[in-house]
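In what follows, a single structure is set out as structure tokens and then discussed.
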Protein chains: 2
Amino acid sequence: MARGKIQIKKIENSTNRQVTHSKRRNGLFKKASELTVLCDAKAWHLCDPNAEKVFKALNKAGVNFDTRLRPLLRALNCDHRFDALAVSAEERALNCDH
Amino acid sequence: MARGKIQIKKIENSTNRQVTHSKRRNGLFKKASELTVLCDAKAWHLCDPNAEKVFKALNKAGVNFDTRLRPLLRALNCDHRFDALAVSAEERALNCDH
DNA sequence: AGCACTATCTATAAATC
DNA sequence: TGATTTATAGATAGTGC
């Protein structure tokens, strides 16, 4: 791109790799949030207590949903599927027999 | 972009919205996989039984990790954090007391 | 370790088939 | 409805500070 085309393979120089990672990651987030707005991804069901449990577990694990995953999942139309996941986690907890 | 600049707000025409969604989603996946390769995201720890449980739960919920989320999570360096999530889920199951 | 610049590359909006 | 084209907007590699 830019001042010269690059091949899509691992960047061996670690400094360049880190710089590229930072730049492209920001670009990825921007595009994800644009897609979310343009295509009207529906709101998250944070009011759903089952979903809330999963989000809390993710936060506890260090995954910041709001800033890192939410716009991406929205853009990919994956967000509503996490409701199903939340239910699945809930069922697993209820079926725990030890 | 392209043949005219657009504002980042909901595309009201549903046909255009769908077309844009499809195009931009593909672009997002492409950029995510490029970033994964360029910046050498490390491999998933699928051999980890704790992580495996989470992946299975996600698949059961209809989230196709391999095609939808894995390249994105890799690109975002979130993948290793899912190991922590897996452990968290495991602990929660073990601490289930009813 | 950022942040700015900018020439160049890539993504894509609209058009066309 | 879906594929292809193309002109333009947007992203970014290399650079300098």
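Just so we're on the same page: letters track the sequence lines, and every chain starts at 1. When reading the values below, keep in mind they use all heavy atoms of this one structure, side chains included, and skip hydrogens, waters and symmetry mates. Keep in mind it's a predicted model, so treat the numbers as computed, not measured.
- Rounded to whole Å, the distance from CZ on A:Arg17 to C1' on C:dA1 is 17 Å.
- Phosphate contact (OP1/OP2 of D:dA13, side-chain N/O of A:Thr20, threshold under 4.0 Å): present.
- In the set C:dA11, D:dA13, C:dA13, the nucleotide with an atom closest to the side chain of B:Lys31 is C:dA11.
- Atom-to-atom, CD1 of B:Ile11 to C1' of C:dT12 comes out at 11 Å; the value is rounded to the nearest Å.
- Using a distance-only test at 3.5 Å, with no hydrogens or angles considered, no donor-acceptor pair links the side chain of B:Ser22 to the main chain of B:Val19.
- Residue A:Ile6 contributes atom CD1, which lies 15 Å from atom C1' of C:dA7 at whole-angstrom precision.
- Across every non-hydrogen atom of A:Arg24 and A:Ile6, the tightest pair is NH2-CD1, 4.3 Å.
- Distance CZ (A:Arg25) to P (C:dG2): 11 Å, rounded to an integer number of Å.
- Remark: B:Thr20 OG1 to B:Arg25 CZ distance equals 12.5 Å, nearest 0.5 Å.
- Taking 4.0 angstrom as the limit, A:Arg3 places none of its side-chain polar atoms (N or O) nearer than this to OP1 or OP2 of C:dC5.
- Side-chain contact between B:Lys10 and A:Leu38: absent, with no pair of heavy atoms (C-beta onward) separated by less than 4.5 Å.
- Remark: side-chain polar atoms of A:Arg17 are paired, donor with acceptor, to backbone N or O of A:Glu12 under 3.5 angstrom.
- Across the protein-nucleic acid pair, B:Leu35 atom CG and D:dT12 atom C1' stand 12 Å apart, rounded to whole Å.
- What separates NZ of A:Lys5 from P of C:dA11 is a distance of 10 Å, to the nearest Å.
- Regarding B:Ile8, its CD1 atom lies at a distance of 8 Å from the P atom of C:dA13, rounded to whole Å.
- Residue order along DNA chain D, read from the 5' end via each residue's closest nucleotide, puts B:Thr15 first among B:Thr15 and A:Asn16.
- For A:Lys30, counting side-chain heavy atoms from C-beta on, the closest listed nucleotide (D:dA11, D:dA13, C:dA13) is D:dA11.
- Summarising the geometry, the separation between CG on B:Leu38 and P on C:dT10 is reported as 11 Å, rounded to the nearest angstrom.
- For A:Lys23 and C:dG2, a side-chain-to-base donor-acceptor distance below 3.5 Å is absent, hydrogens and geometry of angles not being considered.
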